[in-house]
Amino acid sequence: MELQNKIDSTFENRFGGHGTVYASAGRINLIGEHTDYNGGFVFPGAIDKVIMAEIRANGTEKVRVYSIDIDDYAEFGLNEADAPEQSWARYIFGVCREILKRGGKVEGFDAVFAGNVPLGAGLSSSAALESCFAFALNDMFNDNSIDKFELARIGQSTEHNYCGVNCGIMDQFASVFGKQDHLMRLDCRSMEFEYFPFNPSDHKLVLIDSRVKHELADSPYNKRRASCERVAKRLGIETLRDATKEMLDAVKTDITAEDYFRAKFVIEEKDRVLAVCQALTDGDYETVGRCMYETHDGLSKDYEVSCEELDFLNDVARECGVTGSRIMGGGFGGCTINLVKNDLLADFVETAKKRFNEKYGHEPKVYEVIISDGARKIADAK
Ligand code: GLA
């Protein structure tokens, strides 16, 4: 309510009157990292941290937006030549353009937005922003005629075409489709998905944020994707979804060692997602946790998207007897996600904070994960 009040009063001061309020969520991913753009499986859920926006059509051809958190204002038209300078505004511009490209309607509007998704922590604040505006503009100008998968694709294309990140579909999918107390297993090839109830009584999910800044546009994320695509091409298949370890070993001498290890990780990771879903259904949290540690090792050693701080947090989790722990999201900084028994939680969090502080001179941030709803309307205009 605090966030909504802040947005509401800022909107009134800046533009007068009120608009409709929308929100969309950040996400976690229990397992299935860097599998989405390889046609594999992912297992994310939306969280209780959101980007929220108040929006109202303004009867002009201009979009006028104020970001409370950045304390910055942008104004732009809806033609391709009107792209704003500020990188934060390009997410909104991109969403408008992608709706228009698909034959949808967008007219000028005024908007104020803010959020509580930590930035650069690997919780997909950018997908939350894209999904919030895609959902809102669909509701305001298109009678909700754009289906939810297309809303997710609009966010993904915004990343590709306006923000320089060649990402998969996971983050935008999770932000749009998220459902309270449920994770979602998405098959990124067929786009079929299934909700899995997730509300364990004896475990909690907690994120430990290394505060190493995570910025995918500057990271070698796109290079990882290119490696995977090269190997798929060499194997004569569309994506690594169809590859096996045997197929990969058969071309080992024809590809670089780096590409080999990238593909090896992806092939192993896609099977782990299915193993974890089965284990969750069976209530077998030990297996879920073991797979999480395996993912961390793969992301660190084979995919090389970890960093010293995250490896350190992973080691601390192991030492504390945490059920499962791994780097989460695209990598190169951000959080570890930890599956922790309730009675270990307080000790683990204290130890992680203390040990990290001793080594790196600052405490990591800690977020308990609450699996929540995705994109939605919060309130009609007053
Ligand atoms: C980022 C991307 C996603 C996905 C993850 C890694 O969050 O936006 O599409 O590739 O990295 O799993």
Side-chain angles (χ1 to χ4, degrees), residues 24-47 49 91 94 117-131 134 149 152-178 183-189 191 193 207 209 213-229 239-241 262-263 265-270 272-273 276 291-292 294-296 298-300 302-307 310 326-337:
S24 198
R27 62 104 189 87
I28 53 106
N29 183 27
L30 189 63
I31 199 139
E33 224 61 89
H34 292 275
T35 43
D36 57 356
Y37 53 81
N38 285 301
F41 296 93
V42 291
F43 200 28
I47 56 175
K49 308 215 178 313
Y91 291 105
V117 190
L119 299 180
L123 300 179
S124 290
S125 49
S126 62
L129 178 60
E130 292 147 6
S131 307
F149 275 115
R153 286 197 193 92
I154 284 166
Q156 184 192 24
S157 303
T158 296
E159 297 278 351
H160 291 187
N161 299 330
Y162 299 92
C163 309
V165 182
N166 210 3
C167 66
I169 193 69
M170 170 170 75
D171 304 350
Q172 291 78 10
F173 164 80
S175 190
V176 170
F177 283 87
L183 298 178
M184 299 164 284
R185 184 182 66 198
L186 172 69
D187 177 335
C188 299
R189 180 168 64 184
M191 295 304 280
F193 75 102
L207 304 174
D209 182 358
K213 192 100 175 89
H214 149 117
E215 185 78 68
L216 291 186
D218 293 335
S219 77
Y221 178 92
N222 294 348
K223 283 198 193 138
R224 298 297 183 279
R225 182 171 184 160
S227 276
C228 296
E229 287 170 356
T239 62
L240 291 180
R241 164 69 176 270
R262 308 295 190 244
F265 166 77
V266 171
I267 291 168
E268 290 167 354
E269 180 74 352
K270 60 181 185 176
R272 273 193 290 264
V273 182
V276 161
C291 289
M292 290 171 75
E294 284 172 14
T295 294
H296 184 88
L299 285 170
S300 179
D302 294 340
Y303 219 66
E304 293 186 284
V305 293
S306 187
C307 61
L310 289 166
R326 66 178 194 81
I327 178 173
M328 190 188 72
F332 315 104
C335 296
T336 57
I337 180 168

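These numbers come from a predicted model, not from an experiment. Whatever order the structure lists them in is the order used to number ligands and atoms, beginning at 1.
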State if R27 counts as touching ligand 1 under the rule of any non-hydrogen atom under 4.0 Å.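 Judged by the 4.0 Å heavy-atom criterion, R27 does count as contacting ligand 1.
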E294/R326 salt bridge by N-O under 4.0 Å criterion: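 Here R326 does not pair with E294 in a salt bridge, since their nearest N and O are not under 4.0 Å apart.
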Options Q156, M170, E159, ranked by nearest heavy atom to atom 5 (C) of ligand 1, top entry: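 Among Q156, M170, E159, the closest heavy atom to atom 5 (C) of ligand 1 comes from M170.
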Any side-chain heavy-atom pair from C163 and Y91 closer than 4.5 angstrom?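 Touching, per the 4.5 Å side-chain cut-off.
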Heavy-atom contacts with G168 under 4.0 Å: which atoms of ligand 1 show up? List them by number with element.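 By the 4.0 Å cutoff, the relevant atoms are 9 (O).
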For Y37, the ligand 1 atoms whose distance to one of its heavy atoms is below 4.0 Å: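 Once the distances to Y37 are compared, the set is 10 (O).
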Any residue meeting side chain to side chain contact (heavy atoms under 4.5 Å, CB included) with D209, in chain and number order, not counting sequence neighbours: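 Listed in chain order: A121, R211, C335, K365, Y367.
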With T35, which residues qualify under side chain to side chain contact (heavy atoms under 4.5 Å, CB included), at least two apart?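 For T35, the residues satisfying side chain to side chain contact (heavy atoms under 4.5 Å, CB included) (neighbours in sequence not counted) are V42, E269, K270.
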Under 3.5 Å between any N/O of D36 and any N/O of ligand 1: does that happen in this structure?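 Such a contact does occur with ligand 1.
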Polar atom proximity, T35 to ligand 1 (N or O, under 3.5 Å):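 No.
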Do T239 and R189 have side-chain N/O donor and acceptor atoms under 3.5 Å apart?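 No donor-acceptor contact under 3.5 Å links the two side chains.
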